[in-house]
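Before any comments, here is the structure.
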There are 2 protein chains.
Amino acid sequence: MKESVVQAILGQSVFGGGLGFPLMVVHRDALEHNVATMAAFARGHGMELAPHVKTHMSAEIAARQLAAGAWGLTVATPRQAQVARGFGADRLMVANQVVDPAGLAWAAGELARDPAFEFLSFVDSQAGVDILARAAGSRPFRVLVELGREGGRAGCRTVDELVRVAAYTQRVSGVELAGVAGYEGGLATAQEVRKYLGSLQEALEYVRVRDPILSVGGSEWFDVIGRELVATQARILLRSGAYVTHDDGFYREHTPFNRIEGELRPALEVWAHVLSTPEPGLAIVGMGKRDAPYDDGLPIPRRDGVTVLRMQDQHAYVRADGLVPGELLAFGISHPCTAFDKWRVLPLVDPDYRVVGTISTNF
Amino acid sequence: MKESVVQAILGQSVFGGGLGFPLMVVHRDALEHNVATMAAFARGHGMELAPHVKTHMSAEIAARQLAAGAWGLTVATPRQAQVARGFGADRLMVANQVVDPAGLAWAAGELARDPAFEFLSFVDSQAGVDILARAAGSRPFRVLVELGREGGRAGCRTVDELVRVAAYTQRVSGVELAGVAGYEGGLATAQEVRKYLGSLQEALEYVRVRDPILSVGGSEWFDVIGRELVATQARILLRSGAYVTHDDGFYREHTPFNRIEGELRPALEVWAHVLSTPEPGLAIVGMGKRDAPYDDGLPIPRRDGVTVLRMQDQHAYVRADGLVPGELLAFGISHPCTAFDKWRVLPLVDPDYRVVGTISTNF
């Protein structure tokens, strides 16, 4: 779908016939509520928010996050960094090891071109530091040494190893140590999170830099982070991403706002037609893997008595009684990251489903 | 990634530094081999090929399929029909029930505007026929009545039911019966496919129209289809789609060319960097759910001793020894449909990985 198709019905209802279905919409009020809520949460806990824009890769949403006071933007890859730079961010954090030559060449060039540009990325090995050092230009690459955990993704497995990589970073020219990073998202309990945050703070004591940065991420444990890190002297950069649209699945279950005061609101919704009711109790709906996430829970029908059984490329098998072909159904989603990447443009709607703007994505 | 980025390195290697990674490439020779192979197969078995372009949604690939003699193009939704019409097809088949008002308004308008335009879609209920009838313009909607099966997707569950829907179609103005359609893709054995094709032929005997069409689809059973339907008087429209790029996973296992002479070649390949080797035997690779399919088998490493364990949004966990950060790895994919929809532009490459063109997608 092209942006001009959505622009053409600004002010009109998405159900007025100007747009085809399936259609994913973004609820403006929920989006703006979530942006404001997390900005206030970070401020209230002495943290800075570096929202992870890999979730949406949308200029319109990034602009709202920056306007709400975000430190800068977090991305997952150098390709995303280039795009997010175009969103108007002067500070970018790639929450990842960066080894891609084209991406590093771009970052080195951008650092040289613009003295105000800040660029952070993660390292977890001497080999990774060497790659950055070789690609550096007139200004060094500022890095956070990543602490991981056994069985986890990237990151040094122990504080000792992290300290060695940090020390190596300080001996190599072209790379500058800026602090420590971690990711608590995959942890199962608050106790594990507290222990992990303790290791990050321990690591920070060994990493002797001025104004150190400590970055943690995710949309599941920021309540624990806020409590545990409140007295830390480092600048805390919180990389939450999925909070911005929230969802009706995984994050509805896992948001810290189930434990603390406040709430996030689901901002994404997919509407699709019943195409066929070939057997009693079975409906085939025109919403498939191209339209809605299926990797972390199937779409969540907004109507009682309706269940999504499975999805194919362009279809969902739905269990329900009494549906008829041509009927429109609404679904919440689970996992915002794999919702946005299925769409190039989305209508931003008011509570009456009138189009009040466009949300374009840049994957 | 923008098309101009790929265009800028025409004639150069994708490994020359002009493109970032991860990167999915399309091998031109394999693509053109597959297009020619299936065109010849269909011709040799008295069938016409209506390639399902939902797989790729690419003008450049559709043009090759049309140039090789395709009857027209198959799509899954009216939105895809509009896009495929822009690919230069005068004949479109929506292999699906169409109920979307915006899509039907477009199709009715296009039929009225261009007397040479042919548009086919499926019906499986009186309610579906009524929806088409209400939306019809100056020319009727030509439909194929779909035969499904218990536990399957859409389609009438019995030949009796199909005959009733077909008869209803012939009584309603604005809709014109053109034949019968089915989908054998989900069936497990050649025996089941033969039985199902027999039901389709039986249905065709009851559907009294001039020059009837019989459409079947998929890239798993066209050998059985070719043998079983060779004496059928109807025009056979074969809707295979995934054949065009083939793969190293599901379709490598399931292609009829495992049973008959000939072959398809995998045309898609993803290249990505090792970002981190945080534990012995574990590598974190910069290729995630945004870059390669994960719904019907994980990416297939082209190097022995390397196994993809799992994928997250932007990362793959890979089991392998001896990898180092910065190393590039190649992966074949499983399930072409969920590979193309992750990319807006792909470099078309020669055997030396020089860029010889662009493949743009339109999802």
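Convention: sequence-line order gives letters A, B, ...; per-chain numbering from 1.
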Find the one option among [options] whose heavy-atom pairs under 4.5 Å with chain A are most numerous.
| options | result |
| --- | --- |
| B:D100, B:L275, B:V99, B:T77 | B:D100 |
| B:N96, B:T338, B:I131 | B:N96 |
| B:K2, B:E146, B:H335 | B:H335 |
| B:G288, B:G152, B:A283, B:P78 | B:G152 |
| B:A272, B:G155, B:G148, B:C337 | B:C337 |
| B:K342, B:Q82, B:E150 | B:E150 |

- For residues A:Q312 and A:Y317, is any side-chain donor paired with an opposing acceptor at under 3.5 Å?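 Checked: A:Q312/A:Y317 side chains pair up, N/O donor to acceptor below 3.5 Å.
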I need the [X] [atom1] to [Y] [atom2] distance, nearest 0.5 Å.
| X | Y | atom1 | atom2 | value |
| --- | --- | --- | --- | --- |
| A:T245 | A:D247 | OG1 | CG | 7.0 Å |
| A:S334 | A:Y251 | OG | OH | 9.0 Å |
| B:D313 | B:Y294 | CG | OH | 8.0 Å |
| A:L298 | A:L309 | CG | CG | 8.5 Å |
| B:S121 | B:L144 | OG | CG | 7.5 Å |
| B:I284 | B:S276 | CD1 | OG | 6.0 Å |

- Task: For ring pair (Phe, Tyr, Trp, His ring centres under 6.0 Å), just list the numbers for B:W343 and A:F363, CA-CA rounded to whole Å, side-chain angles, deciding distance to a tenth of an Å, and then say yes or no.
- Result: CA-CA 8 Å; B:W343 296 88; A:F363 288 97; over 10 Å; no
Which residue out of [options] racks up the most heavy-atom pairs below 4.5 Å with chain B?
| options | value |
| --- | --- |
| A:Q80, A:Q314, A:H315, A:E161 | A:H315 |
| A:A102, A:G286, A:P101, A:G103 | A:A102 |
| A:G151, A:G18, A:S125 | A:G151 |

Could you tell me which portion of [X] (side chain, backbone, both or neither) has an atom closer than 4.5 angstrom to a non-hydrogen atom of chain B?
| X | result |
| --- | --- |
| A:T158 | neither |
| A:N362 | backbone |
| A:F122 | neither |
| A:L104 | neither |
| A:R344 | both |
| A:V274 | backbone |
| A:R149 | backbone |

- Item | Contacting moiety of B:L19, where chain A heavy atoms sit under 4.5 Å |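 The backbone, not the side chain.
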- Task: Would you check if the side chain of B:S240 reaches a backbone N or O of B:G218 as a donor-acceptor pair within less than 3.5 Å?
- Result: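 Side chain of B:S240 to backbone of B:G218: a pair is present.
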- Message: Can you see whether A:Y183 has A:R153 sitting over its ring - NZ or CZ less than 6.0 Å from the centre and within 45° of the normal?
- Response: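 Ring-cation test returns yes.
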- Item | All pairs passing salt bridge (charged side-chain N to carboxylate O under 4.0 Å, His left out) where residues 280-290 of chain A contributes a residue, at least two apart |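 Listed by first then second residue: A:K289-B:D295, A:R290-B:D341.
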